[in-house]
2 protein chains.
Amino acid sequence: MNHSPTAARLATRIERLKPSLVREILAVANKPGIISFAGGLPAPDLMPDMRDCIDPDTALDQYGASEGETAFRSAVAEWITHNGLPVAPSQVLALSGSQQGLDLAAKLLIDDGTPVVTESPSYLAALQVFELFGASVLPLALGRDGPDPATLDALLRQHRPACVYLIPSFQNPSGYCYSPEVRKVIAEVLDRHDAVLIEDDPYRSVSLDVTHPMQPICSYLKRVPWIYLGSFSKILRPGWRVGYLAASPQLMPYLVRLKQASDLHTQRPAQAAVANWLRHAQRDADLARLRAGYRLRRDAMQTALERHFGDLADWDVPQGGLFFWLRLRQHQATRSTLDATLARGVVFMPGESFYPGPMKPTNTMRLNYSLSTPAEMERGLAILADCIAAVSAA
Amino acid sequence: MNHSPTAARLATRIERLKPSLVREILAVANKPGIISFAGGLPAPDLMPDMRDCIDPDTALDQYGASEGETAFRSAVAEWITHNGLPVAPSQVLALSGSQQGLDLAAKLLIDDGTPVVTESPSYLAALQVFELFGASVLPLALGRDGPDPATLDALLRQHRPACVYLIPSFQNPSGYCYSPEVRKVIAEVLDRHDAVLIEDDPYRSVSLDVTHPMQPICSYLKRVPWIYLGSFSKILRPGWRVGYLAASPQLMPYLVRLKQASDLHTQRPAQAAVANWLRHAQRDADLARLRAGYRLRRDAMQTALERHFGDLADWDVPQGGLFFWLRLRQHQATRSTLDATLARGVVFMPGESFYPGPMKPTNTMRLNYSLSTPAEMERGLAILADCIAAVSAA
């Protein structure tokens with residue numbers, strides 16, 4: 001009998017599921033002794049103490065509702081409202097991390113060939129999900145204050161995309177934060193068409209110097225439906241996998257059913273603990289302490305970058321979020337130095353993977369500042385700069 | 001300005017996302033005072049004490065690997081191997097509940113129009129996921145010892161499905177358990193074609209009287225790729241949402257990437273606790289106690305059913321799993337009595353929703369026995385029988 005294995009016949013979408021450079025980099029990043037600027041891991045020492053927030057109720061051991069816990073939905077609705085987007089608890093869906101919101105949004109909106117607008121560059125794992133579901137991604141160039149509304153208007157007019165995916169506050173990877181004016185005008189542009197806005201807002205609580213309220217664009221919309229994605233992974237416990245979305249009432253019944261089909265519901269003990277933290281007297285003090293800690297690290301990174309990259313690259317000091325975004329002055333693909341930096345124990349994220357379209361500026365790199373100590377930044381950036389200068393001189 | 005909301009343009013798959021009768025029934029089932037035979041909730045009082053198994057390591061607060069925790073994958077590989085399917089830790093993927101395995105399998109294998117074989121009747125939420133992804137479901141009739149292998153062979157030959165979805169041990173909803181002979185012959189039939197086997201095995205640990213080892217069909221396969229889905233939700237903590245899959249090595253790279261795109265990874269503290277429980281000295285005693293408790297409830301349900309349904313319906317005493325499956329003797333749609341039973345505080349699951357094909361025997365019903373006390377069974381089944389007899393007499 002022939003025992004050679006039979007090849008599985010896979011769905012056509014699997015052709016679009018490319019091996020990910022990022023996965024390979026992150027796999028290396030976790031090895032002991034490596035200095036990693038690659039991932040987006042928050043600082044463990046700045047996470048709030050949540051022992052007070054654990055709910056010992058054994059009722060949470062049983063299966064729960066697909067929508068999420070009543071207490072969670074209500075605390076999160078208050079939190080989103082506090083952040084400038086007034087929503088009712090019935091508009092909130094508990095997620096197994098906000099990445100799941102991208103999966104649900106893709107299931108809701110994307111067929112094979114569906115046009116979707118994203119910023120360029122944009123969040124890599126969002127691009128992966130949209131492309132997996134067959135999206136034809138239309139890149140929208142991003143400036144310091146956000147994208148150009150007229151360019152978005154033209155894309156909407158010409159391609160009639162099903163949705164527009166934006167990260168207006170401390171965008172990943174650029175770190176840019178849309179100005180209040182751009183937020184308003186973008187909403188007006190969106191309201192003239194019929195694409196659903198998917199607004200991803202995971203970094204809002206890691207706001208370091210922005211003085212305006214970073215009001216969600218969803219809050220300005222008058223006509224078009226929207227999905228707003230939020231995370232606790234940058235401030236509480238990423239390992240618990242609990243996030244949320246809020247959405248226009250018309251989309252909620254579909255999103256709840258898609259959630260149910262995906263994993264029945266989100267784990268309950270973490271929902272209870274997060275709801276308790278959101279209403280805890282210590283909450284704002286926890287956040288202030290976290291921001292102060294991140295400010296110190298961001299500044300330490302800036303100091304080390306000035307020392308080692310002052311002649312090699314240009315960048316803006318991020319006003320929030322977890323990343324610096326660098327453009328090398330020479331036309332040099334940062335990816336080509338990865339093997340060399342890796343051999344010397346340092347990893348970073350080449351910028352080209354973040355670009356959805358055919359134009360992929362390869363002289364870019366994303367550097368995380370939240371995980372390393374100032375000593376590691378100093379040592380790691382010296383090695384990184386050395387490797388880049390070596391290629392540049394070759 | 002016109003502020004009437006714009007309708008979203010949704011993906012075509014959303015047309016297949018029907019409002020679910022089951023969701024409506026389960027929403028009612030959770031109301032206080034209702035006697036529910038509808039859901040598949042395990043008995044909270046029979047869940048093992050897991051306080052010893054909680055791992056206080058704060059490293060689990062951070063983001064983790066998409067594949068799952070090393071300790072979890074290794075303990076689960078031992079567990080699956082112990083259950084008759086030898087696998088390596090590298091073949092194990094941690095899931096946010098085994099429902100997620102169905103979502104990943106559908107993403108991996110199902111395009112719009114892809115033929116898929118399922119038992120008839122079958123697990124409702126599996127049918128929903130497969131149909132959401134566009135599957136054309138081919139029903140395979142189920143007998144007490146499993147399906148007829150020749151019928152499966154003909155379906156494989158004629159339609160060349162991408163996958164075959166089976167629940168060989170205490171099938172949901174029928175409660176049937178495939179005989180060892182049928183398992184072996186089904187594997188031989190599958191090995192003659194090239195469909196992937198998706199074997200769903202959530203009820204194995206709720207085995208009450210079966211004396212054979214219920215060896216997974218996957219273990220008999222010599223050629224075709226397979227995905228084996230497992231759950232802890234019937235024995236430990238469904239509210240934690242932690243399950244697993246094991247798969248042929250050739251499928252693992254795809255499944256891991258699909259998992260990453262879906263929710264990055266499964267919550268870590270629960271993976272650690274489950275791994276500790278799997279290796280805990282109390283494990284087998286916990287399972288024996290759980291089985292003894294379920295045996296008592298199953299027997300109490302059987303006694304109450306004999307009293308109230310002896311003249312109305314036929315059924316087999318389930319040898320495991322969480323359900324009784326009844327066929328009314330009269331040709332009467334059980335669904336039509338739902339409003340009446342509901343008005344009197346009792347819910348159950350009409351059987352027709354579990355049938356994938358056009359043939360939907362409507363005189364069937366699924367009754368859960370694990371959640372109600374003997375007194376509730378007595379009261380609830382008296383009401384149920386009364387409502388059915390009333391329709392029958394009308």
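Numbers restart at 1 for each chain; the letters A, B, ... are given by sequence-line order, proteins then strands.
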Sort out for me which of A:Gly39, A:Ala195, A:Ser96 touches chain B most, counting heavy-atom pairs under 4.5 Å. A:Ser96
Honestly, the part of A:Glu67 sitting under 4.5 Å from a heavy atom of chain B is side chain
Do B:Pro42 and A:Gln62 have side-chain heavy atoms sitting under 4.5 Å apart? yes
Checking heavy atoms, do the side chain of B:Thr266, its backbone, both or neither come under 4.5 Å from chain A? backbone
Which atom of B:Ala261 lies closest to which atom of A:Val129, heavy atoms considered: O-CG2, 3.4 Å
Given that the side chain runs from C-beta out, which part of B:Leu371 has a heavy atom under 4.5 Å from chain A: side chain, backbone, both or neither? side chain
Interface check, chain A: of B:Gln100, B:His193, B:Lys107, most non-hydrogen pairs under 4.5 Å belong to B:Lys107
Part of A:Leu95 lying under 4.5 Å from any heavy atom of chain B: neither
Smallest separation among heavy atoms of A:Gly239 and B:Pro269, with atom names: O-CD, 3.7 Å
With chain B, which of A:Val196, A:Leu221, A:Ile110 has the greatest number of heavy-atom pairs at distances under 4.5 Å? A:Ile110
Separation of A:Leu10 CG from B:Leu108 CG (nearest 0.5 Å): 5.0 Å
Return the option, out of A:Gln250, A:Met50, A:Arg13, with the maximum number of heavy-atom pairs under 4.5 Å with chain B. A:Arg13
Does a side chain donor of either B:Thr6 or A:Asp194 reach within less than 3.5 Å of an acceptor in the other side chain? no
With heavy-atom distances below 4.5 Å as the criterion, would you say the side chains of A:Arg241 and B:Arg241 are in contact? no
What closest approach, in Å, do B:Gly40 and A:Tyr63 show between heavy atoms, and which atom pair accounts for it? O-CE1, 3.9 Å
Less than 4.5 Å to any heavy atom of chain B: does that hold for the side chain of A:Leu60, its backbone, both, or neither? backbone
Tell me, for B:Thr114 versus chain A, whether the close heavy atoms (under 4.5 Å) come from the side chain, the backbone, both or neither. neither
Inter-residue atom distance B:Leu132.CG - A:Leu258.CG, 0.5 Å rounding: 6.0 Å
Return yes when atom OH of A:Tyr220 has more than 12 non-hydrogen atoms of other residues, nucleotides or ligands closer than 6.0 Å, and no otherwise. yes
Once you round to the nearest 0.5 Å, how far does CZ of B:Arg237 lie from CD of A:Gln267? 13.0 Å
Mind checking the CG-CD spacing from B:Leu264 to A:Gln99? Nearest 0.5 Å is all I need. 4.5 Å
Top contributor to chain B contacts, counting heavy-atom pairs under 4.5 Å, from A:Ala162, A:Ala270, A:Gly97, A:Ala125: A:Ala162
Using non-hydrogen atoms only, which part of B:Leu236 is less than 4.5 Å away from chain A: side chain, backbone, both, or neither? neither
Determine the minimum heavy-atom distance between B:Ser262 and A:Asp103, stating which atoms define it. O-CB, 4.0 Å
Toward chain B, the part of A:Pro56 with a non-hydrogen atom under 4.5 Å: neither
Locate the shortest heavy-atom distance separating B:Leu17 from A:Tyr254; write the atom from each residue and the value. CD2-O, 3.8 Å
Could you tell me which portion of A:Thr58 (side chain, backbone, both or neither) has an atom closer than 4.5 angstrom to a non-hydrogen atom of chain B? neither
Closest-packed option against chain A by number of heavy-atom pairs under 4.5 Å, given B:Gln128, B:Arg268, B:His265, B:Gln260: B:His265
With a 4.5 angstrom heavy-atom cut-off, could you sort out which part of B:Ala106 is near chain A: side chain, backbone, both or neither? backbone
Atom group of A:Leu127 that falls short of 4.5 Å from chain B, counting heavy atoms: neither
